[in-house]
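Below is the structure I would like to discuss, written out as structure tokens.
Computed over heavy atoms, backbone and side chain alike; hydrogens, waters and symmetry mates excluded. Treat the numbers as computed from the prediction; the structure is a model and nothing was measured.
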Amino acid sequence: MTRLLGALGLVLALALPASAQTYPDKPVRFVIPFPAGGATDVVGRHVAQELSQVLGQPVVVDNKPGASAIIGAQAVATAPPDGYTVLFATSSVLAINAATRTKLSYDPVKSFAPVTLVGLTPMIILVGPNSPFNTLGDLVAAAKAKPGGLRYATVSDTIRLAAEMLNERAGIKIESVPYRGAAEAYGDFYAGRIEVMFDPIPTGYPIVTSKRAKGLAVTTAKRSQMAPEVPTVAEAANLPGFDVSIWYSLVLPAGTPQPIVDKLNQAAVKALESPDLKAKLSSLGVETRPSSPQELATFVAGELKRWSAVARAANLVQAE
């Protein structure tokens, strides 16, 4: 029996493409479709560093920002499907962009081979330190009393959809004010011209701890380890089931051989289970959530369906 199993293993190994047997035998390009220095870049670089240790090859970060991450995503979608170009894909890349656009230069499902979910992080809902609102319930009550009387800053489609989901679930209308970037939005927020901010917790929570804002709620179903004292939207506004996160994942170009996808998945899961990486990501408000490729595919399909419905209901689908 032992000899039979050994022979079977040899046959299976010989059946694999040579590239899959030796993968990886050169540096891996790790595309982050956002600017260097931002929250996504910091998270991605931590993942790339640990993944390099597991793979035994350099994992070289390549920032390709622009056009709501479309430039970087398109670069990976058209790269050779050999396992050497990996996309650090966020919820905006694989769900929000498709939900808010009728035309997109890549398909979030057909253009990529899913590898693994990396982790999730909440947004935090902020008001000014002198705001009359001390709870999200206070904010919701004021918004119901005066529809359109409060404003939130929009710096991305992800934030816009999260805020619109709150509007829909709570039966309120807080108005969106678009900004070119977070720095410009926070200028008006600190000056009192904007009452509400939605911000990823890695950048938003330090503003709370420095007393420049009050954190009313986090948008995920569970409280964040980074800010355990801040209630969830479900808790603070009596909206059971409210659950919005920014999430990170790894994908490869479509057509990548499954043995290579599986090898990268195994390496990534091992990296994400490293206590050192888990601690680093936890300090940034990211809860690691490694998965199988199929689990990621199922997750992405669900997110696409959910956010497409929100975008249509809020009339936020762009023609181009």
query = Do Thr121 and Leu284 touch side chain to side chain, with heavy atoms closer than 4.5 Å?
reply =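 Thr121 does not reach Leu284 side chain to side chain.
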query = Hey, is the main chain of Pro228 close enough, under 3.5 Å, to the side chain of Arg223 for a donor-acceptor pair?
reply =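 Side chain of Arg223 to backbone of Pro228, a donor-acceptor pair under 3.5 Å: yes, one is there.
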query = So how far is it from Met165 CE to Leu239 CG, rounded to the nearest 0.5 Å?
reply =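 Between Met165 CE and Leu239 CG, I get 11.0 Å after rounding to 0.5 Å.
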message = Working note: Val317 + Arg312, criterion side chain to side chain contact (heavy atoms under 4.5 Å, CB included); need CA distance, chi angles, decisive distance, verdict.
response = CA-CA 6 Å; Val317 182; Arg312 287 193 301 268; 4.1 Å; yes
query = With a 3.5 Å cut-off and no angle check, do the side chains of Tyr205 and Asp199 form a donor-acceptor pair?
reply =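 Checked: Tyr205/Asp199 side chains show no N/O donor-acceptor pair below 3.5 Å.
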Side-chain heavy-atom pair Arg160, Thr100 within 4.5 angstrom cut-off =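 In short, these two side chains do not touch, never coming nearer than 4.5 Å.
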message = I want to check something: taking the side chain as every heavy atom from C-beta on, are Phe30 and Asn63 in contact at a cut-off of under 4.5 Å?
response =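 Not in contact.
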query = Is it true that a side-chain atom of Lys263 and a backbone atom of Ala20 form a donor plus acceptor pair closer than 3.5 Å?
reply =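 Yes; judged by distance alone, with no hydrogens or angles, the pair exists.
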task = Mind checking ring-ring contact (aromatic ring centres under 6.0 Å, His included) for Tyr84 and listing every partner two or more places apart, or none if nothing turns up?
result =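 If we apply the ring-ring contact (aromatic ring centres under 6.0 Å, His included) test to Tyr84, skipping adjacent residues, the hits are Tyr23.
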ask   = Can you tell me how far the NZ atom of Lys214 sits from the CG atom of Leu139, to the nearest 0.5 Å?
value =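 Spacing of NZ (Lys214) from CG (Leu139) equals 10.5 Å.
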request  = Tell me yes or no: between the side chains of Ser92 and Thr158, is some donor less than 3.5 Å from an acceptor?
outcome  =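 No pair is found: no donor N or O on one side chain lies under 3.5 Å from an acceptor on the other.
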message = Would you say that Phe88 contacts Val43 through its side chain, given a criterion of any heavy-atom pair below 4.5 Å between the two side chains?
response =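 They are in contact (side-chain heavy atoms under 4.5 Å apart), so the answer is yes.
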query = Does the side chain of Asp262 come under 3.5 Å of the side chain of Gln266 through a donor N or O and an acceptor N or O?
reply =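 The answer is no; no qualifying pair exists.
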query = Any side-chain donor paired with an acceptor under 3.5 Å for Thr78 and Gln74?
reply =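 No, no side-chain donor-acceptor pair sits under 3.5 Å.
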key: Inter-residue atom distance Ile32.CD1 - Leu87.CG, 0.5 Å rounding   =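 Result: 9.5 Å between the selected atoms.
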task = Taking only Lys NZ, Arg NE, NH1 and NH2, and the carboxylate oxygens of Asp or Glu, determine whether Lys222 and Asp243 approach each other closer than 4.0 Å.
result =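 Salt bridge: no.
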query = Under 3.5 Å, is there a donor-acceptor pair between the side chain of Gln53 and the main chain of Glu50?
reply =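 No; zero donor-acceptor contacts below 3.5 Å.
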query = Below 4.5 Å, heavy atoms only, C-beta onward: do Val155 and Ile159 meet side chain to side chain?
reply =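 Contact flag for Val155/Ile159 side chains = yes.
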request  = Answer yes if the side chains of Ser68 and Arg101 hold a donor-acceptor pair under 3.5 Å, and no otherwise.
outcome  =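 Note: Ser68 and Arg101 side chains meet the donor-acceptor criterion.
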request  = Would you confirm whether Thr22, through its side chain, and Asp25, through its main-chain N or O, come within 3.5 Å as a donor-acceptor pair?
outcome  =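 Flag not set: sc Thr22 to bb Asp25 has no pair under 3.5 Å.
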inquiry  = Contact between Val76 and Phe112 at the side-chain level, heavy atoms closer than 4.5 Å - yes or no?
reply    =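 Yes, side chains in contact.
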query = If we ignore angles and hydrogens, is there a donor and acceptor under 3.5 Å between the side chains of Tyr186 and Arg212?
reply =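 Absent: no donor and acceptor within the cut-off.
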ask   = Under the 3.5 angstrom rule, does the side chain of Gln49 hit a backbone N or O of His46 as a donor-acceptor pair?
value =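 It does not hold such a pair.
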message = In the structure I gave you, are the side-chain heavy atoms of Glu164 and Leu316 within less than 4.5 Å of one another anywhere?
response =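 Yes, their side chains come closer than 4.5 Å.
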ask   = Would a 4.5 Å heavy-atom cut-off, applied to side chains only, mark Phe299 and Leu120 as touching?
value =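 Answer yes - side chains close enough.
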OG1 on Thr90 to CG on Asn97, rounded to 0.5 Å =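 Atom-to-atom, Asn97:CG and Thr90:OG1 are 7.5 Å apart.
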inquiry  = Is it the case that the side chains of Ser282 and Gln225 hold a donor-acceptor pair, with the cut-off being a distance below 3.5 Å and no angle test?
reply    =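 Yes.
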Verdict with reasoning, Leu126 to Leu216, per side chain to side chain contact (heavy atoms under 4.5 Å, CB included) = CA-CA 6 Å; Leu126 306 171; Leu216 300 187; over 6 Å; no
task = Just do the side chain to side chain contact (heavy atoms under 4.5 Å, CB included) check on Val118 and Leu250 with the steps written out, would you?
result = CA-CA 7 Å; Val118 169; Leu250 301 182; 3.9 Å; yes
task = Over 60° means perpendicular and under 30° means parallel, so classify the ring planes of Phe198 and Tyr152, tilted if in between.
result =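 Correct class here is perpendicular.
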key: Sidechain-backbone polar pair: Ser245 side chain, Trp247 backbone, donor-acceptor under 3.5 Å   =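 Here the side-chain-to-backbone pair does not exist.
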